[in-house]
Amino acid sequence: PMMSRAKKFTILAITIILCVGCDQTTKYTAKELLSPGSVVRLADDTIRLQYTANTGGILSLGASLSAGTRFWVFVVSVSLALAVMLLYLILSRSLTLVPAIARALVLAGGISNLIDRLVYNGAVVDFMNVGIGRLRTGVFNVADVAIMAGAGLLVVFALFEGRSDHSPPNPEFQ
């Protein structure tokens with residue numbers, strides 16, 4: 001069912017405030033407590049905490065671009081994309097709860113990483129890495145988790161939209 005504008009705005013505001021607040025708080029803590037270059041290993045090295053200033057995008061993609069190019073790619077174009085997403089969220093009349101939350105998570109993560117780029121001279125604070133042995137993620141932050149969770153939620157919703165039983169599709173039983 002469609003949501004009222006007030007409910008949609010409330011969900012959007014709460015999601016953005018909580019996500020940006022959690023992300024910025026954890027990044028501040030990481031900057032204060034973690035020394036650049038050092039690694040804190042937790043849970044038998046499954047979790048690593050290590051402060052990095054990432055001037056690129058995901059997995060540092062684009063970090064080798066010139067500062068001017070990175071500004072246009074990671075600040076200007078991201079700002080425009082986030083503004084379009086925010087307008088869509090506000091103006092859309094047919095948005096339902098799950099897609100609204102999913103898009104709000106992506107928006108919140110993007111906003112928080114954009115704040116970093118504006119405050120930290122074009123860099124994003126990353127500090128977490130998870131994995132087992134050599135199989136590890138890149139270094140990431142809470143905003144990245146929000147973006148991935150929102151994107152994943154959108155994919156799952158798209159796969160199951162319109163199914164009344166919400167069970168995964170299984171061609172053998174259809």
Side-chain angles (χ1 to χ4, degrees), residues 1-34 47 49-63 65 67 69-130 137-161 166:
M2 291 185 298
M3 293 183 291
S4 69
R5 282 187 179 255
K7 182 177 180 180
K8 184 171 48 171
F9 181 79
T10 301
I11 289 169
L12 180 62
I14 289 171
T15 302
I16 291 172
I17 290 166
L18 287 176
C19 284
V20 172
C22 287
D23 183 59
Q24 290 297 313
T25 300
T26 56
K27 288 173 178 176
Y28 174 81
T29 304
K31 283 178 65 77
E32 291 296 310
L33 299 179
L34 300 173
I47 301 168
L49 301 177
Q50 56 193 107
Y51 171 82
T52 62
N54 180 7
T55 57
I58 187 168
L59 300 175
S60 297
L61 186 65
L65 296 171
T69 302
R70 285 194 319 268
F71 175 80
W72 282 98
V73 171
F74 296 121
V75 175
V76 176
S77 66
V78 167
S79 295
L80 291 172
L82 293 173
V84 168
M85 188 181 302
L86 180 60
L87 284 173
Y88 172 76
L89 281 167
I90 291 170
L91 300 175
S92 174
R93 295 178 184 261
S94 62
L95 204 55
T96 57
L97 181 63
V98 174
I101 291 171
R103 286 176 172 90
L105 286 168
V106 173
L107 180 65
I111 288 169
S112 199
N113 280 338
L114 181 61
I115 290 169
D116 279 21
R117 293 204 187 272
L118 296 171
V119 172
Y120 303 121
N121 199 28
V124 170
V125 173
D126 287 333
F127 61 92
M128 292 183 284
N129 172 296
V130 296
T137 64
V139 183
F140 60 96
N141 59 47
V142 173
D144 299 334
V145 173
I147 292 167
M148 294 306 292
L153 194 56
L154 282 172
V155 169
V156 170
F157 182 79
L159 290 174
F160 298 115
E161 185 179 25
H166 297 289

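- Between the N54 side chain and the G57 main chain, a donor and an acceptor come within less than 3.5 Å of each other.
- Taken from CG in L159 to CG in L154, the straight-line distance is 11.0 Å, to the nearest 0.5 Å.
- In this structure, R5 places its CZ atom where more than 12 heavy-atom neighbours from other residues, nucleotides or ligands lie under 6.0 Å away.
- Across all their heavy atoms, A146 and L105 have their closest contact at O-CB, 3.5 Å.
- Around CE of M148, the count of heavy atoms belonging to other residues, nucleotides or ligands within 6.0 Å does not exceed 12.
- A distance of 9.5 Å separates SG in C19 from CD1 in I147, rounded to the nearest 0.5 Å.
- For the residue pair D126 and Q50, no side-chain donor N or O sits within less than 3.5 Å of a side-chain acceptor on the partner.
- A123 and T55 make their closest contact through CB-CG2, 4.0 Å (heavy atoms, listed as atom of the first residue, atom of the second, distance).
- Between atom CG of residue D116 and atom NZ of residue K27 there is a gap of 3.5 Å, rounded to the nearest 0.5 Å.
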Worked check of side-chain contact (heavy atoms from CB on, under 4.5 Å) between D144 and N141: CA-CA 5 Å; D144 299 334; N141 59 47; 3.3 Å; yes
Derivation of the side-chain contact (heavy atoms from CB on, under 4.5 Å) call for L95 and Y88: CA-CA 9 Å; L95 204 55; Y88 172 76; 3.9 Å; yes
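- Across every non-hydrogen atom of K8 and L91, the tightest pair is NZ-C, 4.2 Å.
- No side-chain donor-acceptor contact under 3.5 Å links S60 to the backbone of G56.
- Atom OG1 of T26 and atom CG of L33 lie 11.5 Å apart (nearest 0.5 Å).
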side-chain contact (heavy atoms from CB on, under 4.5 Å) assessment of V78 paired with N113: CA-CA 10 Å; V78 167; N113 280 338; over 6 Å; no
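- Atom CZ of F71 sits about 7.5 Å away from atom CG of L118, to the nearest 0.5 Å.
- Nearest approach of A108 to I16, heavy atoms of both residues: CB-CA, 3.8 Å.
- Residues V130 and I47 come closest through the heavy atom pair CG1-CG1, 4.2 Å.
- Between L12 and A104, the shortest heavy-atom distance links the atoms CD1-CB, 3.8 Å.
- We find the CG-CE distance between L34 and M128 to be 11.0 Å, quoted to the nearest 0.5 Å.
- Between the side chain of D23 and the backbone N or O of V142 there is at least one donor-acceptor pair closer than 3.5 Å.
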Stepwise side-chain contact (heavy atoms from CB on, under 4.5 Å) check, F74 with V124: CA-CA 10 Å; F74 296 121; V124 170; over 6 Å; no
